[in-house]
Amino acid sequence: MIEITAYIISFLVMITAIRIIIGPTIWDRLLGYNLVMSKILMLIVLFSVIFEKSYLLDIAITYSLIGFISTLFIAKFVKDRGKI
Amino acid sequence: MKILISNIFIIISLVFITLGVFGVFRYKNFYSRILIASYIDTAGFLFMMAGIIIRFGVSWFSAKILLIVVIVVLINPVVTHSIGRSAYHGGYRIDKEDNSD
């Protein structure tokens, strides 16, 4: 069951990536990046369940923190057109 | 029995996530799209993590997953708000007469 979930979510990540490509404005791309990032976070947790390795969860924690902070700074950078 | 409950939770979260992905492409203007996508995506995330925690019961594994759930629940809305705010203050306006959705 967990493997099938991992397949479905990785398929959905590719569909969300289409939103990043065709997004008319840069903020759509930022939104797509945020969505892809949280879905990849789910994938990491699913892989840690499949492989029964608990150190993969530390990777998930660091990845989520760094991903969120990077989205925050990109949003702030884009808002001021580069004049932070 | 425990596996069954966790599978149900994971199926619910899959339904939420597919609805979120569908919501990203259905809505035309940006602001309703950002609301739907990140809102349902966080809900899907919560259901999946609940399913996994039920499957593993009380252990260090589910304690780490709880930490991830707390992080996501706290930070995801903040990030989505910052994207919407940067869109608004960056000068992205929706033309008023387009009120299709």
Side-chain angles (χ1 to χ4, degrees), chain A residues 1-2 4-6 8-9 11-16 18-20 22-39 41-46 48-49 52-58 60-65 67-81, chain B residues 3-4 6-8 10-11 13-14 17-18 20-25 28-31 33-35 37-38 40-42 44-45 48-49 51-53 55-56 59-72 74-76 78-92:
Chain A
M1 181 60 194
I2 301 285
I4 300 165
T5 328
I8 293 173
I9 288 188
F11 178 66
L12 290 175
V13 164
M14 283 181 274
I15 295 182
T16 317
I18 294 174
R19 169 51 60 186
I20 294 180
I22 63 172
T25 65
I26 192 168
W27 293 291
D28 289 309
R29 295 193 174 96
L30 210 52
L31 170 65
Y33 168 69
N34 188 16
L35 289 178
V36 163
M37 193 258 310
S38 74
K39 284 187 180 56
L41 184 63
M42 279 185 225
L43 274 176
I44 295 177
V45 175
L46 279 177
S48 74
V49 168
E52 297 286 337
K53 295 283 193 302
S54 85
Y55 58 79
L56 286 177
L57 283 177
D58 310 336
I61 295 171
T62 356
Y63 176 73
S64 70
L65 287 172
F68 285 143
I69 288 171
S70 67
T71 314
L72 272 173
F73 278 116
I74 295 172
K76 186 168 167 49
F77 184 80
V78 165
K79 174 165 70 82
D80 304 334
R81 297 282 194 287
Chain B
I3 305 291
L4 180 68
S6 79
N7 283 348
I8 289 170
I10 287 173
I11 288 168
S13 85
L14 274 179
I17 294 166
T18 36
V21 167
F22 175 69
V24 170
F25 290 99
K28 291 300 158 273
N29 59 354
F30 169 69
Y31 291 111
R33 186 183 307 152
I34 191 172
L35 165 70
S38 55
I40 290 192
D41 206 53
T42 315
F45 184 85
M48 175 163 293
M49 292 311 139
I52 293 175
I53 285 173
R55 181 188 174 109
F56 276 96
S59 70
W60 283 111
F61 197 88
S62 53
K64 279 185 186 174
I65 291 184
L66 265 180
L67 180 61
I68 293 177
V69 164
V70 165
I71 288 173
V72 168
L74 278 180
I75 294 186
N76 211 354
V78 169
V79 170
T80 314
H81 166 70
S82 82
I83 295 174
R85 187 171 179 276
S86 102
Y88 185 74
H89 286 297
Y92 179 79

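So that the names make sense, note that chain A is the first sequence line, chain B the second, and so on, each numbered from 1.
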Segment of [X] engaging chain A (4.5 angstrom heavy-atom cut-off):
X       : answer
B:Leu67 : side chain
B:Arg85 : both
B:Tyr88 : neither
B:Thr18 : both
B:Ile34 : both
B:Ile52 : side chain
B:Val21 : side chain

As an exercise: rank [options] by heavy-atom pairs under 4.5 Å with chain B and give me the winner.
options                   : answer
A:Thr16, A:Ile2, A:Ile74  : A:Ile2
A:Ile69, A:Val78, A:Leu41 : A:Leu41
A:Ile4, A:Ile8, A:Val45   : A:Val45
A:Ile61, A:Asp28, A:Thr71 : A:Asp28

Are more than 12 heavy atoms, taken from residues, nucleotides or ligands other than A:Phe11, located less than 6.0 Å from that residue's CZ atom?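 Incorrect, the count does not exceed 12.
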Would you find more than 12 non-hydrogen atoms of other residues, nucleotides or ligands less than 6.0 Å from B:Phe22 atom CZ? no
Side chains of [X] and [Y]: closer than 4.5 Å at any heavy-atom pair?
X       : Y       : answer
A:Tyr63 : A:Met37 : yes
B:Phe30 : A:Pro24 : no
A:Arg29 : A:Arg19 : no
A:Met1  : A:Thr5  : yes
B:Ile53 : B:Phe61 : no

Most heavy-atom pairs under 4.5 angstrom with chain A, which of B:Ile10, B:Val72, B:Asp41, B:Thr42? B:Asp41
Under 4.5 Å, counting heavy-atom pairs only, tell me which of B:Ile3, B:Val78, B:Asn7 racks up the most with chain A. B:Asn7
Quick check: closest heavy atoms across A:Lys39 and A:Ile9, and the distance to 0.1 Å?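 Looking at all heavy atoms of both residues, the shortest contact is O-CG2, 3.9 Å.
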So which part of A:Ser54 gets closer than 4.5 Å to some heavy atom of chain B, the side chain, the backbone, both or neither?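 Looking at A:Ser54, backbone and side chain both touch chain B.
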Among side-chain atoms of A:Ser70 and A:Tyr33, is any donor-acceptor pair under 3.5 angstrom? yes
